[in-house]
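What follows is a single structure, written as structure tokens, with notes after it.
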2 protein chains.
Amino acid sequence: MSNKEITIKDVAKLAECSPTTVSRVINNSDHPVSKDTAEKVEAAIEKLNFSPNRIAQGLKSDRSNIIGVIVHDICDSYFAQMVKGIEEFISGHEYIVNIYNTSRSVEKELHAFNLLKANRADAIVLAGGALMNKEYEQKMRSMIDQLKNQNTLVLGITPHPFDVKNIILGNDKAIEVITDKVIEYGHHKIAYIDGPKKLYTSYLRKKGFKRSLEKNGIALDENLIFEGDFSFDGGRKAALKISKKMDLVTAIVAANDSTALGAMWELNNQNIKVPEQISVVGIDNLPEAKYSYPSLTTIEIPIYQLGTNIGEYLLNRLNNECDYQFKDIKTKLIMRDSLKKI
Amino acid sequence: MSNKEITIKDVAKLAECSPTTVSRVINNSDHPVSKDTAEKVEAAIEKLNFSPNRIAQGLKSDRSNIIGVIVHDICDSYFAQMVKGIEEFISGHEYIVNIYNTSRSVEKELHAFNLLKANRADAIVLAGGALMNKEYEQKMRSMIDQLKNQNTLVLGITPHPFDVKNIILGNDKAIEVITDKVIEYGHHKIAYIDGPKKLYTSYLRKKGFKRSLEKNGIALDENLIFEGDFSFDGGRKAALKISKKMDLVTAIVAANDSTALGAMWELNNQNIKVPEQISVVGIDNLPEAKYSYPSLTTIEIPIYQLGTNIGEYLLNRLNNECDYQFKDIKTKLIMRDSLKKI
DNA sequence: TTGTAGGCGTTATCAC
DNA sequence: GTGATAACGCCTACAA
């Protein structure tokens, strides 16, 4: 066998028919093909191990079958689960999932978009959250216009300030609910560990925290807002600072689970007992939240399911089911051991 | 602006030249183009936000710029890191990284290969390890032949029984080294938690364990080999069994870190103290191994770096640097708190 | 220095 | 039921 690609023509020759007929068989076309010929074609395909060149198909149909997913970091459990959900749904349907880690860098994000545009991606999922940056917004807006002209479907997870289909997860509401719970448990001196400043999601989550305080008549103490970056390490660093102000704080609300887990680790490291001396809660319900010491009270955001729902939505939309609606996910309070009544 | 794709022809028209000239400018062709024309072309490209259709380019050049990566589960820290390494290196160079989670299912693995074949992937990284399964081997062998004819580069991480470039990580040696250490620390009653039976990597790692025992004159007790599956949960389940045989065991060697972390969690849950009552070691040095209770003694396999090396290798090979050699990674013993002398 | 023509593998259109 | 032909967007001879 030579090093030359096997094409529809080779199949046609072997099956003693025209390429057109082969194409009709491959695509289960409506156009009639005699049973006899069809069988010969099938046999030839089998024999030659032929599979149609999707690049050529793509050129013809103006479809790449590529779905781009842009995340902050695939090593972050949160994104890994979402991507897995998308991938498992999507690649059962002949699409390709193409990921990018952008570390929330404007430059990398734009680079990813350029590549996806050049590859004529059928859809793009903006999973990493919106960056709060003028240059980013402006360039993205232009890019998204261009993608529209290319018929690329763009999906934003959490609100994005562009004209895309935005999936709202209720980040602010989730934090509000869990903060309410913390307060219900008797806590009034509550520290908050923030997410990365440049992320709109951080802004939303903090808003939920503030809303709960206000609703419950607790004054916001700006000194109890600590910097974080949605990471374990960020949680650790914040907790180290908090550990020096233990008289001011009886509970910590973290902007996500990774932060909360890092905080608990550091508190333990500083010989501060959770939840006896201080309560800690998070958001996301990462798989590891169940296995921390102590186990973490949090809000479940069913991220894997979010991924499969995204996959299902994209698939339907790409098949021109224009009235298919996104299936919203439901968040849920998960009570574990890291929150204690006082 | 209409909904029609912008092509090289549109650019040519605007720049008042031929498509060929535009093509030459785009590709920095050797063929001379006057500065004047080049500038007009650049301006037109800018104005129209044109980017060449990589699908069409691919059809012409028989290159898809797609690199497929097949993993067991992207949620597994081990694979997430490798994929990140590959992606970060690769997508800086105009390639697309396309991932598949196959859960070590023969069917899914073959499905992924079929898709990658149809999409004429330029390279495929078999990162999930080789399955020990006759049907799988046979079908894969045939598939890999077909891919060869398509000029697809296939890379196996850990040995695969196919004619592909296999990257050897020294799994067996790593386990041997750490088991040696455990024995050096005075342990003779050592349990082993295995990886998934169907994985060749498991077989290799267990071999390393056995070799160390033998070398050190310790008889292998088959009752101290426990089933696992490279997961946290698998480690938990095994540890639950081990916790009932505490008189027979003073140390556990786990086939990977996830397993070790799950085992430690369960031991703690059973009120068995690590390392006071039992030592535990793993392999991989996952990021979370540093933050477990106690911190995990393990062998570092620099997986992220493995990923970037894979990316670099692929890039060079795809650019026909036929003598470029894979940069091997180095493993290293990481002593932490979960191993204690007796 | 520029342009024309043909072809990559597939499919839609039209004819038979 | 079947097949020839043109076209998708780009690039590589080859001409001029």
Side-chain angles (χ1 to χ4, degrees), chain A residues 2-41 44-45 48-65 94 117-122 149-151, chain B residues 2-41 44-45 48-65 94 117-122 149-151:
Chain A
S2 89
N3 219 354
K4 177 110 180 42
E5 175 160 5
I6 292 162
T7 79
I8 208 170
K9 286 183 193 165
D10 301 313
V11 177
K13 200 170 290 172
L14 188 61
E16 296 173 310
C17 67
S18 73
T20 310
T21 306
V22 177
S23 172
R24 293 206 254 256
V25 173
I26 291 169
N27 300 299
N28 291 314
S29 152
D30 289 340
H31 197 103
V33 175
S34 79
K35 205 167 182 179
D36 222 46
T37 330
E39 274 164 13
K40 277 206 286 186
V41 170
I45 288 174
L48 297 173
N49 283 314
F50 167 78
S51 42
N53 184 329
R54 296 189 67 98
I55 305 234
Q57 290 180 320
L59 181 60
K60 208 43 203 151
S61 63
D62 207 21
R63 289 289 205 110
S64 62
N65 299 302
E94 312 273 297
K117 183 193 167 201
N119 281 288
R120 304 301 189 259
D122 290 342
N149 283 326
Q150 255 179 227
N151 274 320
Chain B
S2 92
N3 218 356
K4 177 109 182 40
E5 175 161 4
I6 292 162
T7 79
I8 208 171
K9 284 185 197 164
D10 301 313
V11 178
K13 200 170 291 172
L14 188 59
E16 295 174 310
C17 66
S18 75
T20 311
T21 306
V22 177
S23 173
R24 296 206 252 258
V25 174
I26 292 169
N27 299 299
N28 290 314
S29 153
D30 290 338
H31 197 103
V33 175
S34 79
K35 204 163 181 183
D36 220 49
T37 331
E39 273 165 15
K40 277 206 286 188
V41 170
I45 289 174
L48 297 172
N49 283 313
F50 167 76
S51 42
N53 185 330
R54 296 190 68 97
I55 306 230
Q57 290 179 319
L59 182 60
K60 199 59 193 134
S61 64
D62 207 20
R63 290 289 205 107
S64 62
N65 299 302
E94 311 274 297
K117 184 192 166 200
N119 280 288
R120 305 298 189 261
D122 289 342
N149 283 326
Q150 258 182 219
N151 275 320

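Proteins get letters first, then strands, A, B, ... in listed order; numbering begins at 1 in each.
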To the nearest Å, how far apart are [X] [atom1] and [N] [atom2]?
X: L48(B); N: dG9(D); atom1: CG; atom2: P; value: 14 Å
X: N151(A); N: dC8(D); atom1: CG; atom2: C1'; value: 15 Å
X: E16(A); N: dG1(D); atom1: CD; atom2: P; value: 19 Å
X: D36(B); N: dT1(C); atom1: CG; atom2: P; value: 11 Å
X: R63(A); N: dG9(D); atom1: CZ; atom2: P; value: 15 Å

Checklist entry - Taking only side-chain nitrogens and oxygens of T21(A), does any of them come within less than 4.0 Å of OP1 or OP2 of dG3(D)? => result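 Checking dG3(D) against T21(A), a side-chain N or O does come within under 4.0 Å of OP1 or OP2.
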Next on the checklist: So T37(A), base contact, sugar-phosphate only, or nothing? Heavy-atom distance under 4.0 Å.
Outcome noted: sugar-phosphate
Smallest separation among heavy atoms of [X] and [Y], with atom names:
X: L59(B); Y: A56(A); answer: CD1-CB, 3.6 Å
X: A12(B); Y: P19(B); answer: CB-N, 3.6 Å
X: I55(B); Y: R63(A); answer: CD1-O, 4.3 Å

Next on the checklist: Walk along nucleotides 6-16 of chain C from 5' to 3' and tag each nucleotide B, S or - by protein heavy-atom contact under 4.0 Å, base first, then sugar-phosphate.
Outcome noted: BBBBBBB----
Next on the checklist: Suppose we screen for side chain to side chain contact (heavy atoms under 4.5 Å, CB included). Which residues come up paired with N65(B), at least two apart in sequence or across chains?
Outcome noted: R54(B), Y95(B), D122(B)
Next on the checklist: Can you confirm whether the side chains of T21(A) and S18(A) place a donor and an acceptor under 3.5 Å from each other?
Outcome noted: yes
Item to check | Heavy-atom side-chain proximity of L48(B) to V11(B) below 4.5 angstrom | outcome: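 Yes; the side chains approach each other to less than 4.5 Å.
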Item to check | Close side-chain approach of I8(A) and I26(A), heavy atoms under 4.5 Å | outcome: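 A side-chain contact under 4.5 Å exists here.
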Next on the checklist: Can you tell me how far apart CG (N149(B)) and CD (E5(A)) are? Round to the nearest 0.5 Å.
Outcome noted: 10.5 Å
Item to check | the helix from dT1(C)-dA16(D) to dC16(C)-dG1(D): angle between end helix axes, five pairs per end, rounded to 10 degrees | outcome: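 Comparing the first five pairs with the last five, the axes sit 50° apart.
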